[in-house]
Amino acid sequence: MWGERYDFLVIGSGLAGLFTSLTLKDRGRVALITKGALEDSNSYFAQGGMAAAVGQGDSPDLHRRDTLAAGAGLCDEPAVDLLVKEGPQRIRDLVALGVEFDRWGGQVHLAREAAHSINRILHVDGDATGRGVCTRLIEEVKQSREIDVYEGHFVVDLIMTEGRCWGALALRNEEYRAFWAPATILATGGVGQVFAETSNPPTATGDGIALAYRAGAMLMDMEFVQFHPTVLYTGGDKSRFLISETVRGEGAVLRNQGGQAFMGKYHPLGDLAPRDVVARAIWTEMQQDARPHVYLDATSIKHPQDRFPTIYRRCSEMGLKMERDWLPVGPAAHYTMGGVYTDHHGRTTIPGLLACGEVACTGIHGANRLASNSLLEAIVFGQRAALAAEKAASGKMPAPRIPSLSAMANRRALQRISWHYVGLERSKELLTSALMKLEELGREEYRGTDGASLEAANMAVVIGLMAKAALLREESRGAHYRLDFPDSDPSWCKHIILQRGEDLAFRPVDKG
Ligand SMILES: Cc1cc2nc3c(=O)[nH]c(=O)nc-3n(C[C@H](O)[C@H](O)[C@H](O)COP(=O)(O)OP(=O)(O)OC[C@H]3O[C@@H](n4cnc5c(N)ncnc54)[C@H](O)[C@@H]3O)c2cc1C
């Protein structure tokens, strides 16, 4: 049998994959596969920080309440309990691994973000939290003898037999390579790149969701995508630089083309309203003014270069001084609440396949994620998945076959379909058009080795699933907004389940 054999196979080197690998290393041999360099992940670009109830006056219960409020009735409460209760211990684990959270006056500094009722965001190097945390964990992974790292390996398919997963098939330099393991952990992150406007780096193409779906795993909440209100508008079609919410937390104000601070019109919390409200308000103002952006006025923030060094530097590169200029900003796809359904131990509905981090859907985010809960999710549920992964399993490992996939080359066309038809505002007409346009793009059976085509094929699968679920959900809730059904409907307080070859199904929200 060709290929490599391991006890555990971890796919993805974001925070979820790194933390899971480090948790697994004392339990067996680990292969950590990632399609770019170890640093290529959403996690590495995370700015604001990690939410955890570690400060004075805070408690898991308060964190829980804020998480549930953001989730708009769709959070699975026992999963949220695990997140908020185990979060502080996992933060201590990171500190034990050598992560240095920012301290002011001898105390860990806790920042504020939208929809948090208290300051609870831990951060590293001001606004470079992801880079700070990942760099330390990457050093640790590289030093570990039990973890073999495979960079530049694009996983194209799961190895399945009789409904069980036995590893994955990866493509490197146009050659296929099999990785065998009784436990495979998907940590492949989100889908931001399927949209024309996104804060996500190029790796976030939803591969893990497409792989799991093809293999028959259950998916949940695919209609819920969070749009971040403020990415720096720079024109062109590259991924956008994020202006963290903590900038508004520190007093920055959104203004329209006329210079009016408009958020007070839309929500009592003004500029610190929930993300979906702010993103849609900006979208409305952009359409009214027929401009591709609004402005973020951060001129009131003292010493922005110290508090937001990364953002400050990027703005300066564009000739913008935060203390002087208003920054052109607009919304962009940012975070995927839905994904591969897992239980509280990261187990998917496929034996041998686990998932954690943004690719997974544990139900903790409901219809909308509370800011800075996702890095925390990556470590809380990454650890849980690692502990549940079985080193040994009985059964005969199958021989791998080169998969026959539907490939599609036109990435940009796909991104435009999502942005215009499955974006911030949806309707029956728009979503039906999305599905028709996907069909028109056409697909062909493909057995080649062109990674870009295979990636685009995954994107097409993900867009189709999002559009299907969004069309079905005839209400507005959290990040999902239907122009033709602008209100929430209590009868829709349930999860939509999608599974290949199965009828559409619903799952009740777990209220504990
Ligand atoms: C700009 C930005 C700022 C953010 N700021 C914050 C913040 O302040 N706080 C917060 O909590 N969250 C933040 N988020 C969200 C957060 O970063 C992500 O939700 C989280 O990092 C996801 O971690 P992950 O490990 O699940 O996935 P990722 O970090 O995205 O990692 C996925 C990994 O899988 C690999 N991969 C994907 N497909 C394949 C494949 N087919 N084969 C092999 N490898 C593959 C990728 O290359 C990557 O290494 C931010 C996101 C962005 C984009």
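Keep in mind that what you see is a predicted model, and the values were worked out from it rather than measured. Start at 1 with the first residue, then count along the sequence. Each ligand, and each atom within it, is numbered from 1 in the order the structure gives.
The two residues S372 and E113 have their closest heavy-atom pair at OG-OE1, 2.8 Å.
R369 forms a cation-pi arrangement with Y335, by the criterion of a distance under 6.0 Å to the ring centre and an angle within 45° of the ring axis.
Contacts of ligand 1 (protein heavy-atom distance under 4.0 Å) are I11, G12, S13, G14, L15, A16, T34, K35, D40, S41, N42, S43, F45, A46, Q47, G48, G49, H153, F154, V155, A187, T188, G189, S199, N200, T203, D207, L242, H334, Y335, G357, E358, R369, S372, N373, S374, L375.
Checking R416 against N410 by side-chain atom types alone, no donor-acceptor pair falls below 3.5 Å.
With sequence neighbours left out, the side-chain contact (heavy atoms from CB on, under 4.5 Å) criterion links A386 to T20, T23, L24.
Residues in residues 30-49 take part in these salt bridge (charged side-chain N to carboxylate O under 4.0 Å, His left out) pairs, two or more places apart or across chains: K35-D207, K35-E455. For the salt bridge (charged side-chain N to carboxylate O under 4.0 Å, His left out) condition, the pairs that include at least one residue of residues 221-231, sequence neighbours left out, are E223-R473.
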